[in-house]
Trainee: 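Take a look at the following structure, please.
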Amino acid sequence: MTVAFADALGPKVRVNAILPGPFLTRISQAWDKQVLEELTRNFPLRRAGNPEEIVGAALYFASDASSYTTGTVMSVDGGAQWARPMGGDPPAA
């Protein structure tokens with residue numbers, strides 16, 4: 001959808017998206033902590049994100065620094081998209 005809107009609305013409008021991984025916000029307080037720990041164990045950064053860590057992506061898209069960026073989906077996910085099912089640190093004994 002991001003690419004289609006970028007094509008349809010360009011060149012006057014740039015369309016980009018941020019694809020977030022799990023972030024530790026108020027809603028995450030209801031998550032099962034053990035499941036989250038097991039999930040993020042396989043992420044390259046081995047953790048969920050803090051809200052302030054997504055701000056840079058939003059500021060980039062909102063600034064003139066992204067003037068030649070459209071149709072882009074930026075992942076801010078601690079490497080979750082590259083997580084392997086058996087990757088990460090070994091389980092704690």
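Since this is a predicted model, take the numbers as computed values, not measurements.
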Trainee: Check Ala57 against Val76 and note the closest heavy-atom contact, atom names and distance.
Mentor: CB-CG2, 3.7 Å
Trainee: Can you tell me if Arg14 and Ser66 form a side-chain donor-acceptor pair at under 3.5 Å?
Mentor: yes
Trainee: Looking only at non-hydrogen atoms, find the nearest pair between Thr25 and Pro51 and report the distance.
Mentor: CG2-CG, 4.0 Å
Trainee: How long is the span from the OG1 atom in Thr70 to the CZ atom in Phe5, to the nearest 0.5 Å?
Mentor: 12.0 Å
Trainee: So with a 6.0 Å cut-off around OH of Tyr60, is the heavy-atom count from everything else above 12?
Mentor: yes
Trainee: Please check: side-chain N/O of Asp32 versus main-chain N/O of Leu36, any donor-acceptor pairing under 3.5 Å?
Mentor: no
Trainee: At their closest point, which heavy atom of Phe23 faces which heavy atom of Trp31, and how far apart are they?
Mentor: O-CH2, 3.6 Å
Trainee: For the hydrophobic clusters of this structure (ILVMFWY residues joined by side-chain heavy atoms under 4.5 Å, transitively), does one cluster hold both Leu24 and Ile54?
Mentor: no
Trainee: Does Asp77 offer a backbone N or O that forms a donor-acceptor pair with the side chain of Ser75 under 3.5 Å?
Mentor: no
Trainee: Are Met1 and Val13 connected in the hydrophobic side-chain network, where two residues link if heavy atoms are under 4.5 Å apart?
Mentor: yes
Trainee: Hey, does the side chain of Asn50 reach the backbone of Glu52 with a donor-acceptor pair shorter than 3.5 angstrom?
Mentor: no
Trainee: State which residues pass salt bridge (Lys or Arg N to Asp or Glu O under 4.0 Å) with Glu53; sequence neighbours excluded, sorted by chain then number.
Mentor: Arg47
Trainee: Quick check against the 3.5 Å criterion: does Asn16 have a side-chain atom that pairs as donor or acceptor with the backbone of Thr69?
Mentor: yes
Trainee: Of all residues at least two apart in sequence or in a different chain, which pass the side-chain contact (heavy atoms from CB on, under 4.5 Å) check with Val73?
Mentor: Thr2, Ala17, Leu19
Trainee: Which heavy atom in Gly79 sits nearest to a heavy atom in Pro44, and how many Å separate them?
Mentor: O-CD, 3.1 Å
Trainee: According to side chain to side chain donor-acceptor pair (under 3.5 Å), who are the partners of Glu37, at least two apart in sequence or on a separate chain?
Mentor: none
